[in-house]
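Source: prediction; values computed, not measured.
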Amino acid sequence: MSGGEESAPFKWIGGDLSLDFNNTVDWLGLEPQAGERLTDHGRLVAWAREGGVVSEEIGRSLLTISSDRPAAAEEALRRALQTRSLIHRIFLAVIIDPGAVPTDLDELNTLLVESPAYIEHDASDKSFAWTWASEHNGLTDLLQPVVWSASQLLTSPDVARVKTCTNDDCGWLFLDTSRKHNRKWCEMAVCGNRAKARRFYRRAKDRTRS
């Protein structure tokens, strides 16, 4: 999904929380390229609220803490961007060579240890769900579900369906749930149409030269 300024909307096309987290910036190889959507901690909280990672109430609380502790908020954002790069590197490695062990797997395991999860019972609807222990400052709590989402995807059969957009200047990741498993683009209306436009331009240019 090329382009995008600070106000660019978040997109939810990955099919998995960790992949959608990856898709908050455009990638060129292993490096963030453009279209950064997580420009400050407030935007990180906005992404988490929109994705259902935190409630509106917790989101407001995080914004208050962020305002009161700007240095801690900046550090929390730095850790979030590091985690996003880690997710990108791991899944890109899996896509390139499914049989190889990603070199960053130890770092992901470290994050899992730092993000203890436990099962909680909701008496209102008699259901069970994963929840996470909060850290002392709360600003990085929203990373815990993202880390666990990445680990669950890596250990599920669906990992074989993780793909990266065919647009080399995009780097967005998604689960290919198409019937023929032949999805190429993050969004056909964006990267797919741009690729078509480039092909049309090249053909027109070739006809002009001939």
Side-chain angles (χ1 to χ4, degrees), residues 10 14-33 36-49 51-55 58-59 61-62 65-66 69-120 128-164 171-175:
F10 300 118
D16 181 86
L17 183 66
S18 63
L19 303 185
D20 284 324
F21 191 57
N22 172 86
N23 300 345
T24 53
V25 72
D26 300 336
W27 298 87
L28 185 61
L30 297 178
E31 297 298 327
Q33 177 191 20
E36 178 62 76
R37 286 157 168 79
L38 304 181
T39 51
D40 55 40
H41 192 264
R43 288 285 288 169
L44 178 62
V45 173
W47 178 87
R49 290 168 69 172
V53 177
V54 297
S55 66
I58 292 176
S61 176
L62 289 174
I65 298 172
S66 176
R69 303 173 60 187
E74 184 175 345
E75 172 62 16
L77 177 63
R78 185 189 67 82
R79 289 185 60 185
L81 299 185
Q82 285 184 333
T83 301
R84 186 182 64 184
S85 291
L86 173 67
I87 289 171
H88 183 74
R89 292 195 305 270
I90 287 177
F91 281 108
L92 200 62
V94 170
I95 292 169
I96 293 172
D97 188 354
V101 179
T103 57
D104 298 288
L105 200 57
D106 286 344
E107 187 174 346
L108 179 62
N109 281 323
T110 298
L111 290 179
L112 287 171
V113 172
E114 295 173 351
S115 305
Y118 58 95
I119 298 174
E120 186 177 66
F128 297 88
W130 285 108
T131 188
W132 291 265
S134 296
E135 295 185 357
H136 66 281
N137 65 20
L139 292 178
T140 56
D141 289 351
L142 53 83
L143 292 180
Q144 296 172 340
V146 173
V147 169
W148 276 86
S149 176
S151 66
Q152 288 176 324
L153 179 56
L154 278 171
T155 55
S156 78
D158 285 338
V159 70
R161 296 189 177 188
V162 177
K163 292 185 178 180
T164 185
W172 280 19
L173 302 172
F174 55 85
L175 275 177

CA sep, side-chain torsions, deciding dist, call: L112, V147, side chain to side chain contact (heavy atoms under 4.5 Å, CB included)
CA-CA 7 Å; L112 287 171; V147 169; 3.5 Å; yes
How far apart are the C-alpha atoms of W27 and N22, what are their side-chain angles, what is the distance that settles it, and do they pass the side chain to side chain contact (heavy atoms under 4.5 Å, CB included) test?
CA-CA 9 Å; W27 298 87; N22 172 86; 3.4 Å; yes
Is there a side chain to side chain contact (heavy atoms under 4.5 Å, CB included) between V94 and V162? Walk through the geometry before answering.
CA-CA 8 Å; V94 170; V162 177; over 6 Å; no
Assess the residue pair L19 and W172 against the criterion (side chain to side chain contact (heavy atoms under 4.5 Å, CB included)); give the C-alpha distance rounded to whole Å, side-chain angles, the decisive distance to 0.1 Å, and a yes or no.
CA-CA 8 Å; L19 303 185; W172 280 19; over 6 Å; no
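In this structure, T83 contributes its side chain and R79 its backbone to a donor-acceptor pair below 3.5 Å. Under the 3.5 Å distance criterion, the side-chain polar atoms of T110 are matched with a main-chain donor or acceptor of D106. Counting only distance, with no hydrogens or angles, the side chain of S115 and the backbone of L111 share a donor-acceptor pair below 3.5 Å.
D16 approaches S149 most closely through the heavy-atom pair OD2-OG, 2.8 Å. Nearest heavy-atom pair across G59 and V45 is O-CG1, 3.6 Å. The two residues G15 and L175 make their nearest non-hydrogen contact at O-CD1, 3.5 Å. Across all their heavy atoms, F91 and S18 have their closest contact at CE1-OG, 4.1 Å. Of all the heavy atoms in T140 and A76, the pair that sits closest is CG2-CB, 3.6 Å. Taking both residues in full, the closest heavy atoms of V159 and L153 are given as CB-O, 3.3 Å, listed atom of the first, atom of the second, then distance.
Note: D20 CG to F174 CZ = 12.5 Å, rounded to the nearest 0.5 Å. To the nearest 0.5 angstrom, T103 atom OG1 is 8.0 Å from I90 atom CD1. Expressed to the nearest 0.5 Å, how far OG1 of T24 lies from NE2 of H88 amounts to 11.0 Å.
Residues L173 and I95 have side chains in contact (heavy-atom distance under 4.5 Å, counting atoms from C-beta outward). The side-chain heavy atoms of R43 and R37, taken from C-beta on, include a pair separated by under 4.5 Å. Residues Q33 and V25 fail the side-chain proximity criterion, which asks for heavy atoms closer than 4.5 Å.
Under the salt bridge (Lys or Arg N to Asp or Glu O under 4.0 Å) criterion, the residue pairs touching residues 154-163 are K163-D176, with sequence neighbours excluded. Legend: salt bridge (Lys or Arg N to Asp or Glu O under 4.0 Å) pairs involving residues 82-97, not counting sequence neighbours, sorted by first then second residue: E36-R84, R89-D104, R89-E107.
Legend: residues meeting side chain to side chain contact (heavy atoms under 4.5 Å, CB included) with Q82, ordered by chain and number and at least two apart, are R78. Remark: S55 pairs with E57, I58 by the side chain to side chain contact (heavy atoms under 4.5 Å, CB included) rule, at least two apart or across chains. Every residue two or more places apart in sequence or in another chain that forms a side chain to side chain contact (heavy atoms under 4.5 Å, CB included) with L105 is listed here: V101, L108, N109, L154. For A80, the side chain to side chain contact (heavy atoms under 4.5 Å, CB included) partners at least two apart in sequence or on another chain are F21, L44, L143.
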